Number of protein chains: 2
Amino acid sequence: MPTRRSTPRPLPPAKKQAARFALQREADRTATAEDYVELIADLLREEGEARAVDVARRMGVSQATVTATVGRLQRDGLVETKPYRGLFLTAEGQTMATAAKARHDLVVRFLIAVGLDAETAEEDAEGLEHHASDKALAAFARFLAEREG
Amino acid sequence: MPTRRSTPRPLPPAKKQAARFALQREADRTATAEDYVELIADLLREEGEARAVDVARRMGVSQATVTATVGRLQRDGLVETKPYRGLFLTAEGQTMATAAKARHDLVVRFLIAVGLDAETAEEDAEGLEHHASDKALAAFARFLAEREG
DNA sequence: TCCGAAAGTTAGCCTAGGCTAAGAACTGTT
DNA sequence: AACAGTTCTTAGCCTAGGCTAACTTTCGGA
Ligand SMILES: [Mn+2]
Ligand SMILES: [Mn+2]
Ligand SMILES: [Mn+2]
Ligand SMILES: [Mn+2]
């Protein structure tokens, strides 16, 4: 008998396809903010303070880039800075950070559950987390609940 | 007994974390090229030709943007153009397109297998595909093989 | 054949997110 | 109190990837 061929998926309607790409671009635009606020929250919790230098080191980016990016986050009402004493999150930033962290951890646990090694799971989660919809995250959570109890 | 708390994940070493973010940025940089060559390949296969105008419509982007982006793809040796007769893939572009399509389809099938509805799977796959490592894809394939036969 | 519509390009603009190099501002230690 | 070393900002640069408006080129039908 013939090997099961994957079904040839015809082109989606142009409008629908365009909408999907638009969603993707939207997610890309928010990814940096999510990563920054998540990192700032982690630093505040684990180290007691979130210095721009440390954000730069951990993001793998120059201090100048952090200054510029934090400027945008500030403009967008997510972050506050007290020069020479670190970065802080607004209520909105805190909310975003909490959601980002939950999402991040869920994605990591899910990837491990489907057989990925821990380090690769961490690597991939850093990117994947920004493109998993709420519905996808719910599916991941369901999957974990079912097989972990 | 207490609810199982998720393990508090301490901060990863700065270098490792920076490397993860770098990987993520790298994936972001190649995402557009992957989507374009995949779409061009799809159009060539399904419609016989890949016109810039159709790429613009399906990407949800202006024709001017397509001109500019295709210029970069050409510069990078992925695409060739015959004005007023469409876009074509170089051997390298074809290779990338084939890989992109395989990855895309695998991610869609995997998402559906873990319980996501088809349309959301298509939406999310458009972004997720660019951030799943080969190891992750292998894990997804394994998962599908196990439970689908 | 010719001429309007479609396809494609060009020009000029914008933002995000990178970089380096240089300077300013603060802090902790002596 | 001073100053060395950190931390942070500024200035100036770059590319990708968006946009609109206006132009040119081609194609096809009357
Ligand atoms: Mn991330
Ligand atoms: Mn994250
Ligand atoms: Mn995609
Ligand atoms: Mn795709």
Side-chain angles (χ1 to χ4, degrees), chain A residues 14 18-40 43 47-88 126-127 130, chain B residues 14 18-40 43 47-88 126-127 130:
Chain A
R20 290 177 194 161
F21 284 119
L23 279 176
Q24 189 191 346
R25 287 193 292 270
E26 175 60 28
D28 277 333
R29 277 218 322 282
T30 55
T32 303
E34 289 166 4
D35 284 339
Y36 269 70
V37 298
E38 185 188 350
L39 176 54
I40 290 167
L43 287 169
E47 320 264 293
E49 61 176 3
R51 309 299 293 245
V53 213
D54 296 319
V55 171
R57 216 182 42 251
R58 302 197 94 100
M59 293 293 303
V61 125
S62 74
Q63 280 186 232
T65 292
V66 170
T67 298
T69 303
V70 166
R72 282 187 291 271
L73 298 178
Q74 216 162 357
R75 178 201 62 191
D76 298 342
L78 297 167
V79 164
E80 276 161 16
T81 72
K82 302 187 190 167
Y84 292 92
R85 96 191 24 185
L87 309 175
F88 301 87
E126 203 52 81
H130 309 289
Chain B
R20 290 177 195 160
F21 284 120
L23 279 176
Q24 191 192 346
R25 287 192 293 269
E26 174 62 28
D28 277 334
R29 277 218 322 283
T30 55
T32 303
E34 289 166 4
D35 283 340
Y36 269 70
V37 299
E38 186 188 349
L39 175 55
I40 290 168
L43 287 169
E47 319 266 294
E49 61 176 5
R51 309 297 296 244
V53 97
D54 296 319
V55 171
R57 217 183 40 252
R58 301 196 94 100
M59 292 293 304
V61 127
S62 75
Q63 282 187 231
T65 292
V66 170
T67 298
T69 304
V70 166
R72 282 188 291 271
L73 299 178
Q74 216 163 357
R75 179 200 63 190
D76 298 342
L78 297 167
V79 164
E80 278 160 15
T81 72
K82 302 188 190 167
Y84 291 92
R85 103 187 18 188
L87 308 174
F88 302 88
E126 202 53 80
H130 309 288

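Numbered from 1 within each chain, the chains take letters A, B, ... in sequence-line order. It should be emphasised that the depicted structure is a prediction, and the values quoted were computed from it without experimental measurement.
- Taking the side chain to side chain donor-acceptor pair (under 3.5 Å) definition, one finds that B/Ser62 meets it with B/Thr65, sequence neighbours left out.
- Heavy-atom distances to DNA chain D give each of B/Met59 and A/Lys82 a nearest nucleotide, and the one nearer the 5′ end belongs to A/Lys82.
- Using a 4.0 Å heavy-atom distance criterion, B/Thr69 is classed as making no nucleic acid contact.
- Atom-to-atom, CG of A/Asp28 to P of C/dG18 comes out at 12 Å; the value is rounded to the nearest Å.
- A/Glu49 places its CD atom 16 Å from the P atom of D/dT6, with the value rounded to the nearest Å.
- Among the heavy atoms of the strands lying under 4.0 Å from A/Arg25 are primed sugar atoms or P, OP1, OP2 only; no base atom is included.
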Treating primed atoms plus P, OP1 and OP2 as sugar-phosphate and everything else as base, which nucleotides of nucleotides 21-30 of chain C get B, S or - for protein heavy atoms under 4.0 Å? ----BSS---
Would B/Thr69 and B/Tyr36 count as a side-chain contact (heavy atoms from CB on, under 4.5 Å) here? Give the steps. CA-CA 9 Å; B/Thr69 304; B/Tyr36 269 70; 3.6 Å; yes
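- Side chains of A/Val66 and A/Met59 form no contact here, defined as non-hydrogen atoms less than 4.5 Å apart.
- In this entry the distance linking CZ of A/Phe21 with P of D/dC19 reads 14 Å, nearest Å.
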How far apart are the C-alpha atoms of B/Glu49 and B/Asp54, what are their side-chain angles, what is the distance that settles it, and do they pass the side-chain contact (heavy atoms from CB on, under 4.5 Å) test? CA-CA 10 Å; B/Glu49 61 176 5; B/Asp54 296 319; 5.6 Å; no
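- Taking only side-chain nitrogens and oxygens, A/Thr32 comes nearer than 4.0 Å to OP1 or OP2 of C/dG17.
- Distance CD (B/Glu47) to P (C/dA7): 13 Å, rounded to an integer number of Å.
- In this structure, B/Thr65 reaches the D/dC19 phosphate: one of its side-chain N or O atoms is under 4.0 Å from OP1 or OP2.
- Contact between the side-chain N/O atoms of B/Arg72 and the OP1/OP2 oxygens of D/dG17 is found at a separation under 4.0 Å.
- Of the two residues contacting DNA chain C, namely A/Arg29 and B/Ala50, the nearest-nucleotide position lying further toward the 5' end is that of B/Ala50.
- The shortest heavy-atom contact between B/Ala31 and A/Gln24 is CB-NE2, 4.5 Å.
- For A/Glu47, the side-chain contact (heavy atoms from CB on, under 4.5 Å) partners at least two apart in sequence or on another chain are A/Leu43, B/Leu11.
- The interatomic distance linking A/Asp35 (CG) with C/dA16 (P) rounds to 17 Å, in whole Å.
- The nearest pair of heavy atoms linking B/Ala27 to B/His130 is CB-O, 3.2 Å.
- Between C/dT9 and B/Thr67, a contact under 4.0 Å exists linking OP1 or OP2 to a side-chain N or O.
- Residues passing the side-chain contact (heavy atoms from CB on, under 4.5 Å) test with B/Ala18: none are found, sequence neighbours excluded.
- At whole-Å resolution of the value, CG in A/Leu23 and P in D/dG18 are 14 Å apart.
- One atom, CD of B/Glu34, and another, P of D/dA16, lie 16 Å apart when rounded to the nearest Å.
- For the pair B/Gln63 CD and C/dA7 P, the computed distance is 7 Å after rounding to whole Å.
- For B/Glu126, there are no side chain to side chain donor-acceptor pair (under 3.5 Å) partners at least two apart in sequence or on another chain.
- Between A/Arg72 and A/Thr32, every side-chain heavy-atom pair lies at or beyond the 4.5 Å cut-off.
- For the contact set between residues 51-58 of chain B and DNA chain D, defined by any heavy atom under 4.0 Å, there are no members.
- A/Val61 comes within contact range of the sugar-phosphate backbone alone, with a heavy-atom separation under 4.0 Å but no base atom that close.
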